[in-house]
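Beneath this line is the structure, given in structure tokens, with notes to follow.
These figures come from a predicted structure and were not determined experimentally.
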Amino acid sequence: MVQGAIKRKGGIFLVRLLRFLKGYEKESVIGPLFKLFEACLELSVPLIMASIIDDGIKNNDTAYIVRMGGLLILMGFLGLVCSVIAQYFAAKAAFGFGTALRRKVFETINGFTYTELDKIGTSTLVNRTITDITQVQSGVNFGLRLFLRSPFIILGSLILSFLLDVQLALIFVAITPLLAIVIWALMRFTMPIYKRAQGQLDKLALLTRESLLGVRVIRAFSRQEQEIEHFSSENSTLRQTQLKGGSISALMNPLTYVLVNIGILLLLQQGAFAVNFGRISQGDLVALVNYMNQILLALVALSNLIVTVGKSFAGAV
């Protein structure tokens with residue numbers, strides 16, 4: 001039931017996100033587009049490395065190796081340029097989104113009646129205006145930069161691995177769904193935890209505000225120790241919730257690394273027989289290993305994106 005409510009509110013948030021990105025349509029397109037250019041360059045690197053091994057090193061052709069090495073350096077420079085441009089436009093769109101959202105939230109708060117302000121609470125409104133919007137803004141920034149790039153790298157690596165060798169590419173097909181299941185399961189468990197932590201943060205902010213406003217009364221009735229104990233209890237609860245969410249999120253990298261490295265071991269084992277029988281070349285096997293590593297790096301980036309987006313949804317809903 002809670003999960004369903006979060007999904008419905010998350011959908012409403014995505015619709016409103018597009019509305020607040022109005023005026024930054026160009027930046028929202030250019031940022032992901034240059035990330036896709038960078039991903040295309042990255043996907044072509046293993047093929048060039050395979051060519052260097054099979055045609056340059058095998059034939060002892062130094063001139064060819066130098067030419068292809070220069071091409072790799074050029075592609076690396078172009079990838080850096082694309083990454084910087086994508087980061088610039090994504091940050092511009094995200095901060096513009098945050099500015100528009102803060103303005104709208106502030107205007108809405110100013111329209112509240114005193115009854116509504118008392119019902120919601122000043123501490124909650126402060127957290128919504130500052131902490132939550134900052135989380136959502138970070139989610140938009142990460143999303144524009146990585147939401148298309150990581151899946152494109154994964155899909156491109158799978159397609160190119162099939163072009164190199166169908167049988168060895170089946171290892172990619174077996175590992176990728178397992179990685180997707182791990183990511184989905186961790187996201188499913190962490191989102192409610194971050195949502196609960198958001199409510200505890202509101203309660204802690206309210207307690208801090210009440211203590212500051214009533215500091216003279218607390219001193220007059222010698223309630224310092226009780227207030228300190230109360231604050232420590234609430235702070236400890238928030239700490240435990242954050243640690244629980246962080247501990248689950250921290251499983252993302254180890255689990256993905258284990259699965260991908262198992263895939264690399266299987267790839268090397270089966271690839272050795274394929275090279276020995278002449279079905280593929282040594283360069284193609286190196287390219288397949290590189291594509292597996294690219295999937296790993298893309299999934300690590302995707303896992304960080306999921307954690308950030310999970311916090312963003314918790315703040316948004």
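Legend: salt bridge (charged side-chain N to carboxylate O under 4.0 Å, His left out) pairs involving residues 60-85, not counting sequence neighbours: none detected. Screening residues 75-100 for salt bridge (charged side-chain N to carboxylate O under 4.0 Å, His left out), with sequence neighbours left out, gives E27-K92. The ring-ring contact (aromatic ring centres under 6.0 Å, His included) analysis of residues 238-273, with sequence neighbours excluded, yields no pairs. Within the structure, side-chain hydrogen bond (donor to acceptor under 3.5 Å, both in side chains) contacts touching residues 280-295 (residues at least two apart or in different chains) are D54-S281, S281-D284. Residue pairs satisfying the side-chain hydrogen bond (donor to acceptor under 3.5 Å, both in side chains) criterion with at least one member in residues 153-166, sequence neighbours excluded, are listed as follows: D165-R279. Pairs of residues two or more places apart, or lying in two chains, that qualify as salt bridge (charged side-chain N to carboxylate O under 4.0 Å, His left out) and include a residue from residues 35-49 are K35-E38, E38-R149, E42-R149.
Between P177 and A174, the shortest heavy-atom contact is CD-O, 3.6 Å. Between P46 and A287 the shortest heavy-atom distance is O-CB, 3.6 Å. In plain terms, the two heavy atoms of L168 and I280 that are nearest each other are CD1-CD1, 3.5 Å. In terms of heavy-atom proximity, G283 sits nearest to A50 at O-CB, 3.2 Å.
The hydrophobic clustering, which links ILVMFWY residues whose side-chain heavy atoms are closer than 4.5 Å, places L268 and I175 together. Placement of I153 and L47 within a single hydrophobic cluster is found when ILVMFWY residues are connected by side-chain heavy-atom separations under 4.5 Å, directly or transitively. Under the 4.5 Å side-chain heavy-atom criterion for Ile, Leu, Val, Met, Phe, Trp and Tyr, L41 and L33 are members of distinct hydrophobic clusters. L170 is not connected to V289 by any chain of hydrophobic side-chain contacts under 4.5 Å among Ile, Leu, Val, Met, Phe, Trp and Tyr, and they are in different clusters. A single hydrophobic cluster is seen to contain both I154 and L288, as judged by linkage of ILVMFWY side chains at heavy-atom distances under 4.5 Å, directly or through other members.
For F89, the ring-ring contact (aromatic ring centres under 6.0 Å, His included) test picks out no residue, with sequence neighbours left out. Taking E234 as the reference, nothing meets the salt bridge (Lys or Arg N to Asp or Glu O under 4.0 Å) condition, with sequence neighbours excluded. Contacts of Q87 classified as side-chain hydrogen bond (donor to acceptor under 3.5 Å, both in side chains), with partners at least two apart in sequence or in another chain: R145. Under the ring-ring contact (aromatic ring centres under 6.0 Å, His included) criterion, F172 pairs with no residue, sequence neighbours left out.
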Report task. Carefully, step by step, assess I171 and M292 under the rule side chain to side chain contact (heavy atoms under 4.5 Å, CB included). Result -> CA-CA 10 Å; I171 298 175; M292 185 68 80; 4.2 Å; yes
Report task. I would like to know whether L43 and F152 meet side chain to side chain contact (heavy atoms under 4.5 Å, CB included); could you show each step before the answer? Result -> CA-CA 10 Å; L43 286 172; F152 184 79; 3.9 Å; yes
Requested in this report: Could you please spell out the steps behind the side chain to side chain contact (heavy atoms under 4.5 Å, CB included) verdict for F162 and V173?
Outcome: CA-CA 10 Å; F162 270 100; V173 176; 3.4 Å; yes
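The one candidate from T99, V105, L101 that meets the side-chain contact (heavy atoms from CB on, under 4.5 Å) condition with R103 is T99.
In this structure a side-chain-to-backbone donor-acceptor pair under 3.5 Å is present from T241 to T237. A distance-only check finds a donor-acceptor pair linking the side chain of N59 to the backbone of D55 [under 3.5 Å].
How far OG of S247 is from CD1 of I193: 9.0 Å, rounded to the nearest 0.5 Å. Of the inter-residue distances, the one linking I65 atom CD1 with S51 atom OG reads 10.0 Å to the nearest 0.5 angstrom. Here CG of N235 is found 10.5 Å from CD of Q240. Values are rounded to the nearest 0.5 Å. A distance of 9.5 Å separates CD1 of I264 from CD1 of I295, quoted to the nearest 0.5 Å.
Within the hydrophobic cluster formed by Ile, Leu, Val, Met, Phe, Trp and Tyr side chains joined at under 4.5 Å, directly or through other members, L265 stands alone, with no partner residue. Counting Ile, Leu, Val, Met, Phe, Trp and Tyr side chains that sit under 4.5 Å apart, directly or through other members, L80 shares a hydrophobic cluster with V84.
Enclosure of atom OH in Y64 by more than 12 non-hydrogen atoms of other residues, nucleotides or ligands within 6.0 angstrom is indicated.
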